[in-house]
Amino acid sequence: MSTDGNKKQFWKRNTAKVPGSIQHVYGAQHPPFDPLLHANLIKAGNKPQMTPGGKPKKATTFQEFESITSDAWDVGDDDDELLAMAAQNLNIEVVMETANQVIENHSKQQEKQRQDDADTSELEDREEEEAHEEEVEEQGEEGEESTPEVSFACEPSPLSDGRLVKSLSEAPIGSPKDASLHRQQSLPHRPTIPMVARIADQNTSGTPAMTEREASRLDKFKQVLAGPNTDLEELRKLSWSGIPRQVRPITWKLLSGYLPANTERRESTLQRKRQEYFGFIEQYYDSRNDEHHQDTYRQIRIDIPRMSPECLMLQPMVTEIHIDIPRTNPLIPLFQQASVQEIFERILFIWAIRHPASGYVQGINDLVTPFFVVYVFEYIKEEVENFDVSSLQEAALRNIEADSFWCMSKLLDGIQDNYTFAQPGIQRKVKALEELVSRIDETVHVHMQQYEVEYLQFAFRWMNNLLMRELPLRCTIRLWDTYQAEPEGFSHFHLYVCAAFLVRWRKEILDERDFQGLMILLQNLPTMHWGNEEVSVLLAEAYRLKFAFADAPNHYKR
């Protein structure tokens with residue numbers, strides 16, 4: 001499609017639009033395409049258009065940007081072909097030279113750090129030996145009145161060179177794996193937070209599961225939910241600061257508009273909507289292999305297994321860069337179960353068939369996961385990461401599937417222009433984000449302009465996937481508590497969350513002095529250890545920005 005003259009531009013093609021047709025999206029692959037991982041797939045392609053000054057021509061319109069990344073809309077025969085086409089316009093020599101330069105610079109920094117650590121370790125050894133000698137002399141003077149106890153916790157480990165090492169952090173680093181271990185041990189200790197389990201109760205400070213304040217909040221939720229007609233406005237106020245796990249499923253269903261506020265009508269509504277969903281299954285799902293729908297179903301089957309951790313295995317050359325890739329969903333065994341993947345396939349296919357204006361778009365599969373996890377919690381009390389959903393009764397699984405479908409549909413109804421032709425909703429939001437950041441932190445904005453970083457290159461995924469690729473799943477669920485409570489939370493408030501999220505990494509952004517470093521940072525932000533505290537601070541800053549700018553458009557002007 002990138003060849004001039006041979007093919008029409010994609011927006012001029014005279015192709016018939018069929019219900020549920022597939023539209024591929026630039027930047028929405030999971031994991032994103034990496035030339036270092038797929039060097040064998042890269043084919044010789046046309047070089048980027050050059051200006052007289054010798055620099056690649058920058059895309060100034062969406063059409064020009066699309067012509068550079070047009071391969072993302074093509075449909076190949078298999079997943080490898082998609083990756084190969086995504087690389088068609090890359091200059092492999094430039095890519096490899098840049099990658100080698102990054103690795104070389106990192107190796108030099110690592111060697112310097114290694115030398116500093118060795119000097120520090122040697123100095124500590126000398127000090128400890130002197131202290132040990134003094135202690136032995138004092139014990140000799142006092143006499144041996146008792147036999148000292150043996151302590152295995154502090155027992156030194158002998159190395160091949162005869163030097164005693166008391167901890168692994170003092171051992172010589174002989175491989176990238178050892179270097180990674182050494183670097184991890186030098187970081188401040190952070191408590192291990194489950195990927196999904198006890199989401200409402202976990203934070204990075206390791207506080208108890210249920211504090212007095214949390215118990216009080218839970219009682220308030222129960223009081224609001226207990227009435228014959230739930231006060232949705234009061235429920236939104238309570239939910240803005242987070243929803244306790246015990247009442248999150250019913251609260252999400254109410255705030256999304258899936259359930260009525262009247263208590264007496266809820267059971268009949270649930271039965272009717274669940275029967276309606278499985279009626280769609282009986283009516284449409286058998287057509288998934290028909291000619292008009294096979295592309296949609298094929299792409300869904302490609303995206304669902306991308307939740308597998310095997311997709312994240314990096315080659316040795318890449319692991320040298322030591323990039324932390326905080327992608328949570330692929331690391332959760334729950335999503336590797338065949339029964340779960342089948343549920344996701346049905347949900348996504350039925351949604352695509354019922355929304356022909358957009359069809360299935362890569363990235364929508366991510367939006368099912370928070371609903372699915374939250375509604376699983378209705379039926380279990382243990383951790384969900386390793387829970388075997390096949391142990392649930394069939395009726396419970398059917399309820400979870402139908403409820404997840406309808407709530408995801410309600411969410412997408414408010415942001416469907418993100419996924420229709422040319423994705424105008426995302427384009428508008430990325431442009432608004434650029435304007436907003438230029439006003440709230442001009443230094444960061446100018447810094448990215450200086451190194452020619454376009455907002456579309458990193459913020460597209462933030463809008464397309466609602467930051468799900470940037471945050472652990474536990475943080476996404478906490479974030480969605482507020483989105484459900486906020487008017488137009490997914491469509492409007494999300495913009496201010498993205499702005500606050502970008503400025504949150506101000507120091508790290510300004511420390512990067514080249515395009516490659518900035519893109520690596522912005523696409524792999526280190527949020528793996530985030531919890532409720534960090535998300536609450538992010539939301540508070542986003543609310544401040546919304547208060548200052550949402551109803552004051554002149555604030556955008558200089």
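Hydrogens, waters and symmetry mates play no part in the numbers below; they use all other heavy atoms, side chains included.
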Please evaluate residues R274 and L270 with respect to the criterion side chain to side chain contact (heavy atoms under 4.5 Å, CB included), reporting the C-alpha separation (whole Å), side-chain torsions for both, the decisive distance (0.1 Å), and the verdict.
CA-CA 6 Å; R274 289 166 179 171; L270 280 175; 3.8 Å; yes

Evaluate the side-chain proximity of [Y] to [X]: yes if any heavy-atom separation is below 4.5 Å, no if none is.
| X | Y | answer |
| --- | --- | --- |
| S239 | Q484 | no |
| T482 | V497 | no |
| N262 | P228 | no |
| L522 | M448 | yes |
| I509 | L502 | yes |
| P244 | F221 | yes |
| I347 | S404 | yes |
| Y360 | N365 | yes |

Has the side chain of [X] got a donor or acceptor atom that lies under 3.5 Å from a matching backbone atom of [Y]?
| X | Y | value |
| --- | --- | --- |
| S358 | T420 | no |
| R461 | Q523 | yes |
| R478 | I243 | no |
| N524 | M519 | no |
| R474 | W530 | yes |
| E214 | T211 | yes |
| R217 | L238 | yes |
| Q457 | E454 | yes |
| D441 | V437 | no |
| N465 | L467 | no |

Examine R248 relative to F377 and say whether NZ or CZ is less than 6.0 Å from the centre of the six-membered ring and inside a 45° cone about the ring axis.
no

Least distance between heavy atoms, [X] atom then [Y] atom:
| X | Y | value |
| --- | --- | --- |
| V224 | D231 | CG1-O, 4.0 Å |
| I250 | V247 | CG2-O, 3.3 Å |
| G414 | S491 | O-CB, 3.7 Å |
| A499 | L436 | CB-CD2, 3.5 Å |
| A459 | L433 | CB-CD2, 3.6 Å |
| T476 | P370 | CG2-CG, 4.1 Å |

What distance do [X] atom [atom1] and [Y] atom [atom2] have between them, rounded to the nearest 0.5 Å?
| X | Y | atom1 | atom2 | answer |
| --- | --- | --- | --- | --- |
| T527 | R469 | OG1 | CZ | 13.5 Å |
| L479 | E470 | CG | CD | 12.0 Å |
| C407 | L367 | SG | CG | 13.0 Å |
| W252 | D481 | CH2 | CG | 6.0 Å |
| F405 | L348 | CZ | CG | 10.0 Å |
| I380 | L392 | CD1 | CG | 7.0 Å |

Under the salt bridge (charged side-chain N to carboxylate O under 4.0 Å, His left out) test against K546, which residue among E488, E541, E486 passes?
E486

For atom [atom1] of [X], is the number of surrounding heavy atoms from other residues, nucleotides or ligands below 6.0 Å larger than 12?
| X | atom1 | result |
| --- | --- | --- |
| R398 | CZ | no |
| R513 | CZ | yes |
| K273 | NZ | yes |

Mind running side chain to side chain donor-acceptor pair (under 3.5 Å) on T230 and R266 for me, showing each step along the way?
CA-CA 11 Å; T230 302; R266 287 178 192 168; 2.4 Å; yes

Evaluate side chain to side chain donor-acceptor pair (under 3.5 Å) for H445 paired with Y455, printing each intermediate quantity in order.
CA-CA 10 Å; H445 178 70; Y455 282 74; 2.9 Å; yes

Please determine which of I477, L411, D403 meets the side chain to side chain contact (heavy atoms under 4.5 Å, CB included) test together with F371.
L411

Using the salt bridge (charged side-chain N to carboxylate O under 4.0 Å, His left out) rule, take R272 and E267 through it: C-alpha gap first, then chi angles, then the decisive distance, then the call.
CA-CA 9 Å; R272 176 173 56 83; E267 189 60 33; over 6 Å; no

Specify whether [X] and [Y] have parallel, tilted or perpendicular ring planes, treating 30° as the upper limit for parallel and 60° as the lower limit for perpendicular.
| X | Y | answer |
| --- | --- | --- |
| F335 | F372 | tilted |
| F458 | W462 | perpendicular |
| Y496 | F493 | tilted |
| Y451 | H447 | perpendicular |

Could you please spell out the steps behind the side chain to side chain contact (heavy atoms under 4.5 Å, CB included) verdict for W480 and F490?
CA-CA 8 Å; W480 284 23; F490 293 97; 3.7 Å; yes

Aromatic contact, Y543 with W240 (centres under 6.0 Å)
yes

With ring centroids as reference points, do H494 and F501 lie under 6.0 angstrom apart?
no

Picking from Q423, K429, R428, what satisfies side chain to side chain donor-acceptor pair (under 3.5 Å) with N418?
K429

Begin with the C-alpha distance, continue with both residues' side-chain angles, and end with the deciding distance and a verdict on side chain to side chain contact (heavy atoms under 4.5 Å, CB included) for Y285 and I353.
CA-CA 9 Å; Y285 196 61; I353 293 300; over 6 Å; no

Applying side chain to side chain contact (heavy atoms under 4.5 Å, CB included) to E508 and L525, what does each step give before you reach the verdict?
CA-CA 10 Å; E508 290 81 357; L525 291 165; over 6 Å; no

